[in-house]
Amino acid sequence: MAKSNKTAITPTRDQDYAEWYQQVIRGAEMAESSPVRGCMVIRPWGYALWENVQKAMDKRFKETGHENAYFPLLIPLRFIEKEAAHVEGFAKEMAVVTHHRLEMQDGKLTPAGPLEEPMVIRPTSETIIGEAFSGWIRSYRDLPLKINQWANVMRWEMRPRLWLRTSEFLWQEGHTAHADENEAREEVLTMLEVYREIVEEHMAIPVIPGAKSEGERFPGAVDTFTIEAMMQDGKALQSGTSHYLGQNFSTAANIRFQNEEGDWEFCHTTSWGSSTRLIGGLIMTHADDDGLRLPPRIAPDHVVIVPIIREDSQHDTVMAYAEDVAAKLRAQSFDDAPVKVRVDTRKIQSQEKRWDWVRKGVPIILEVGPRDIEEGKAAFSRRDQIREKKQFLTIAEIAGEIEELLWGIQSTLFEEAKAWRAARTREDITDLKAFEDHFNALKGNTFNADGGFVKAWWCESSESEASLKELGVSVRCIPLDQPEGEGKCVLTGAPAHRMAIFAKSY
RNA sequence: CGGGGCGUGGCGCAGCCUGGUAGCGCAUCUGCUUUGGGAGCAGAGGGUCGCAGGUUCGAAUCCUGCCGCCCCGACCA
């Protein structure tokens, strides 16, 4: 068997980035599109990733004092109408339920029994949770109220993409109510930091935490904060948001409390969300031309053992050896839990197994065959160095180093992504001409090094933000981490107090 | 919703211009030989050619309408 330069995914990123993205998803069996426009079927491998993200987040939500609850999928139309900006922001993307029955007419099932009041399928739950909060909160002693819900939501998208933008998606939405603005604002930043931590430290996706500009705020929010990630094609991905809603929603839903003086006040509320979009971000951050690459902390399996069996007579001994190796590795721990090991017992060719796991992105693949048993060895390869030569290591060596190896892969993926982002972030663009030239040089759907972020001083005027539209660029965020001093706005030349990240985005 | 492209076995495609009853590669199944960097041979199964009309003796192929997918915009997490 000659060494092959064939990539496991066709086309490569360089040939057709958008098509590559879809083939990675197909190749790793993560998801597929469904008969329902814009909706996806999440397959076990993709769902396992989401579950691992969920697990990590849920733990942090609870550690930061939140409780899970569940609210209805259907929201009465009049709830949505309560908050003006919210109405405007979501009206165009809502699925509406208008009937409660089907009847056979001319051989076809036809909606019947019109609802007196139509319902919308939740695009987010501010309004219906607000309704509940207004009933739960009476006194300052009831505050803060900190609730999270894991749910599905629906937004009728014009242009869906698997994971990144589907009409129905899974997410968590946190909703909290506080007695005063400071406490609410602190909550908003605390949860933004939780997002940063999970996304960077578990998913190994580097992000920039920052404030959203006026034009990019959540409908109805006073302030929106975001973590922005850069995909391999240089586009930005909003990967989690946290909103200070002021008293907009509490006024609309009548969420009031009596303070210590006995006066009635409206609560200050927050909401924050992150979704299955993160899995799309994971793909576009770490996957390569051989498929997915998973950071060990969220990988469904850390190690897959592929038995190499030459003859039937060797089957039992090799399998016994494989199980023995698995047991030795499971006795080790990584990230405060036993190392997750799978022995691939499928009755297919060993090479096919190997490439299957390469495409699925498992961090470590071990091949064990008859030759290894005597020496107590295995052929070791790591996904982030999959084109390197396999090493033959003893099980003792592998077991002894497995924890360190997995952390090494975790940090390698993170460092590679940071380097990629750094190489595609321009900080030397200081005037409009250079700014326009930079973004005009980009040609549509290309995978190249020309895109990426421009970090520059910005005056924050809404006129200048609106002017970005024709370039196809937006203000991704105003980073929390700001340099000293002031500068001149890259767009207008006016004095600017803060720097912003500009980019094309998903 | 505008502009462009595309819908043919699970995946990737050819055939369409010039109508004659569907083919290739991979995958799947069976058998034998194989297996440590993407195995070989032999055989087999699987498609109402996106849907609905129309033209025609005959439609994957021509015409009309619709649906869906992808890319670029607009909109958005």
Side-chain angles (χ1 to χ4, degrees), chain A residues 1-11 16-19 21-23 26-27 29 32-38 88-94 123-124 153-167 169-173 195 212 215-216 218-219 224 226-229 236-243 272-278 280-281 290 306-312 314 318 347-356 358-359 365-372 377-381 386-392 442-446 469-472 474 504-506:
Chain A
M1 259 174 290
K3 176 173 177 165
S4 172
N5 294 319
K6 191 164 95 182
T7 57
I9 299 296
T10 330
D16 186 342
Y17 192 76
E19 180 62 19
Y21 174 73
Q22 301 191 91
Q23 293 303 332
R26 198 195 305 277
E29 298 179 326
E32 58 197 33
S33 57
S34 74
V36 184
R37 184 192 140 72
E88 207 180 317
F90 282 107
K92 278 177 286 186
E93 49 188 64
M94 223 102 68
T124 177
V153 288
M154 175 160 262
R155 300 175 187 179
W156 209 266
E157 291 298 338
M158 299 211 174
R159 198 175 151 193
R161 272 166 175 278
L162 288 177
W163 297 110
L164 290 178
R165 175 172 294 103
T166 45
S167 288
F169 57 91
L170 305 182
W171 80 341
Q172 60 65 217
E173 49 181 322
Y195 287 150
K212 278 293 186 190
E216 299 282 329
F218 175 76
T224 289
T226 176
I227 48 172
E228 292 286 322
L237 185 76
Q238 180 171 312
S239 306
T241 50
S242 186
H243 318 286
W272 25 278
S274 66
S275 72
T276 37
R277 159 177 268 197
L278 282 169
D290 290 318
V306 175
I308 308 283
I309 297 163
R310 288 162 175 268
E311 298 160 25
D312 285 349
Q314 298 168 326
V318 172
K347 301 211 175 338
I348 57 174
Q349 248 210 110
S350 56
Q351 285 308 321
E352 283 174 36
K353 290 183 188 178
R354 175 182 161 78
W355 284 99
D356 194 32
V358 169
R359 278 191 297 270
I365 299 173
L366 295 181
E367 288 153 272
V368 299
R371 224 189 280 161
D372 302 315
K377 289 188 170 182
F380 167 92
S381 48
I386 202 67
R387 297 279 165 182
E388 311 279 307
K389 277 207 181 76
K390 281 181 237 181
Q391 292 173 272
F392 287 84
L442 304 179
K443 288 275 178 290
N445 169 39
T446 51
K469 275 199 172 174
E470 44 189 291
L471 274 176
S474 55
K504 300 199 172 195
S505 69
Y506 278 102

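So that the names make sense, note that chain A is the first sequence line, chain B the second, and so on, each numbered from 1.
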Base-pairing mate for [N] - Watson-Crick or G-U, with both contacts under 3.5 Å:
N: B:rG68; result: B:rC6
N: B:rG73; result: B:rC1
N: B:rG46; result: none

Between [N] atom [atom2] and [X] atom [atom1], what is the distance in whole Å?
X: A:E157; N: B:rG68; atom1: CD; atom2: P; answer: 16 Å
X: A:Q23; N: B:rC69; atom1: CD; atom2: C1'; answer: 13 Å
X: A:I365; N: B:rG37; atom1: CD1; atom2: P; answer: 14 Å

**Prompt:** Taking the nucleotide of RNA chain B with the closest heavy atom to each, which residue, A:S275 or A:M158, is nearer the 5' end?
**Reply:** A:M158
**Asked** Start at the 5' end of RNA chain B and walk down; is the nucleotide closest to A:E352 or to A:L237 reached first?
**Response**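 Result: A:E352.
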**Request:** Using a cut-off of 6.0 Å, state whether more than 12 heavy atoms not belonging to A:E88 lie near its atom CD.
**Result:** no
**Message:** Could you check whether A:T166 and A:E157, counting side-chain N and O atoms only, form a donor-acceptor pair closer than 3.5 Å?
**Reply:**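 Distance-only check fails for A:E157 and A:T166.
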If the cut-off is 4.0 Å, is [X] near the phosphate of [N], judged by side-chain N/O to OP1 or OP2?
X: A:Q349; N: B:rU35; value: no
X: A:R26; N: B:rG12; value: yes
X: A:R37; N: B:rC69; value: yes
X: A:K469; N: B:rG73; value: no

**Message:** I'd like to know if A:R26 and A:E19 make a salt bridge, using a cut-off of under 4.0 Å between side-chain N and carboxylate O.
**Reply:** no
**Item:** Nearest-0.5 Å distance, OG of residue A:S242 to CZ of residue A:F218
**Value:**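 Rounded to the nearest 0.5 Å, the OG-CZ separation comes out at 11.5 Å.
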**Request:** Give one of base, sugar-phosphate or nothing for A:G38, where a contact means two heavy atoms less than 4.0 Å apart.
**Result:**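 Sugar-phosphate only.
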**Sugar-phosphate, base or nothing in reach of A:I348, heavy atoms under 4.0 Å** = nothing
**Nearest listed nucleotide, side chain of A:S350, among B:rC71, B:rG37, B:rU35** = B:rU35
**Item:** Mutual orientation of the aromatic rings belonging to A:W272 and A:Y195 [parallel < 30°, tilted 30-60°, perpendicular > 60°]
**Value:** perpendicular
